[in-house]
Amino acid sequence: MKKIISALLLVSMLAIGLPSLASDYVEFSAEISTFDDGVIIQRADDFFNSYTIGLSKQGSGKINITFSVTAYEESSVLGVSSYDVQQKVNGTWTTVSSGITGSVGYNRPSYSFEQMYSGTAGCEYRVYARFYCMKYTGATKTNGVYSGSIVAN
């Protein structure tokens, strides 16, 4: 019985991990569990419920970047204030495009948008995004988040 359970666990781990190695799409998502009156709630903090950066290969070195953010509550301003694109050079991440203007939405609980980046086929890229939220009270917060990486084709 122990061998069967061990084999099932191994197959499950491989099924979860291997598709991402050969995929044309990589995604980073942040959510953490917190307790609120004994109930587990998934959220990043009191401003953000979650944020996601997805990268997908488009060919000819192009990468489609998808940003998605959900606020804890409807917000005055919500989105990505800016982002950087980094390329792995000799094992080190180097910023190749800095301070690219993102996009924000107004008076909404969630916001998503896409941007295209023209890189070089065969090079590995990741994104650093500054997710931004302004509550109706005027309070603001910016969370910096790295995406996973992808090799452009």
Exercise: do [X] and [Y] side chains pair donor with acceptor under 3.5 Å:
{"X": "E73", "Y": "S75", "answer": "no"}
{"X": "S82", "Y": "R130", "answer": "yes"}
{"X": "S149", "Y": "E124", "answer": "yes"}
{"X": "S68", "Y": "S112", "answer": "yes"}

Gap separating the [atom1] atom of [X] from the [atom2] atom of [Y], nearest 0.5 angstrom:
{"X": "T142", "Y": "F131", "atom1": "OG1", "atom2": "CZ", "result": "11.5 Å"}
{"X": "N64", "Y": "M116", "atom1": "CG", "atom2": "CE", "result": "4.5 Å"}
{"X": "Q87", "Y": "T120", "atom1": "CD", "atom2": "OG1", "result": "6.0 Å"}
{"X": "S56", "Y": "E114", "atom1": "OG", "atom2": "CD", "result": "7.5 Å"}
{"X": "R126", "Y": "D84", "atom1": "CZ", "atom2": "CG", "result": "10.5 Å"}
{"X": "S103", "Y": "Y83", "atom1": "OG", "atom2": "OH", "result": "10.0 Å"}

Side chain proximity check, [X] to [Y], heavy atoms < 4.5 angstrom:
{"X": "F48", "Y": "N143", "answer": "yes"}
{"X": "L78", "Y": "V69", "answer": "yes"}
{"X": "I100", "Y": "V85", "answer": "yes"}

Would you indicate whether K135, at its atom NZ, is surrounded by more than 12 heavy atoms from other residues, nucleotides or ligands within a distance under 6.0 Å?
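It does: K135 NZ has more than 12 such atoms within range.
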Under the side-chain contact (heavy atoms from CB on, under 4.5 Å) criterion, do V127 and F67 qualify, and how do the steps go?
CA-CA 10 Å; V127 171; F67 301 92; 4.1 Å; yes
CA sep, side-chain torsions, deciding dist, call: I63, K57, side-chain contact (heavy atoms from CB on, under 4.5 Å):
CA-CA 5 Å; I63 298 171; K57 302 173 187 183; 5.8 Å; no
Out of curiosity, does [Y] fall in the hydrophobic cluster containing [X] (side-chain heavy atoms, cut-off under 4.5 Å, transitive links)?
{"X": "I65", "Y": "V104", "value": "no"}
{"X": "I53", "Y": "V151", "value": "no"}
{"X": "Y117", "Y": "L55", "value": "yes"}

Intermediate values then yes/no, side-chain contact (heavy atoms from CB on, under 4.5 Å), T52 and T66
CA-CA 8 Å; T52 303; T66 304; over 6 Å; no
I need the minimum non-hydrogen distance between Y125 and G119, along with the two atoms involved.
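Minimum heavy-atom separation between Y125 and G119: OH-CA, 3.4 Å.
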How close do N49 and A71 get, heavy atom to heavy atom, and via which atoms?
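Taking N49 first and A71 second, the nearest heavy atoms are ND2-O, 3.2 Å.
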For the residue pair Y146 and Y128, does the interplanar ring angle fall in the parallel (under 30°), tilted (30 to 60°) or perpendicular (over 60°) class?
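Tilted, since the angle between the ring planes falls between 30° and 60°.
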Whether F113 and Y111 hold their rings parallel, tilted or perpendicular, with breakpoints at 30° and 60°
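Because their plane-to-plane angle lies in the 30° to 60° range, the rings of F113 and Y111 count as tilted.
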Dump the intermediate steps for side-chain contact (heavy atoms from CB on, under 4.5 Å) on Y136 and N107, then the final yes or no.
CA-CA 9 Å; Y136 288 114; N107 304 316; 3.2 Å; yes
Check for me whether the distance between the ring centres of F47 and Y72 falls short of 6.0 Å.
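When the ring centroids of F47 and Y72 are compared, they turn out to be at least 6.0 Å apart.
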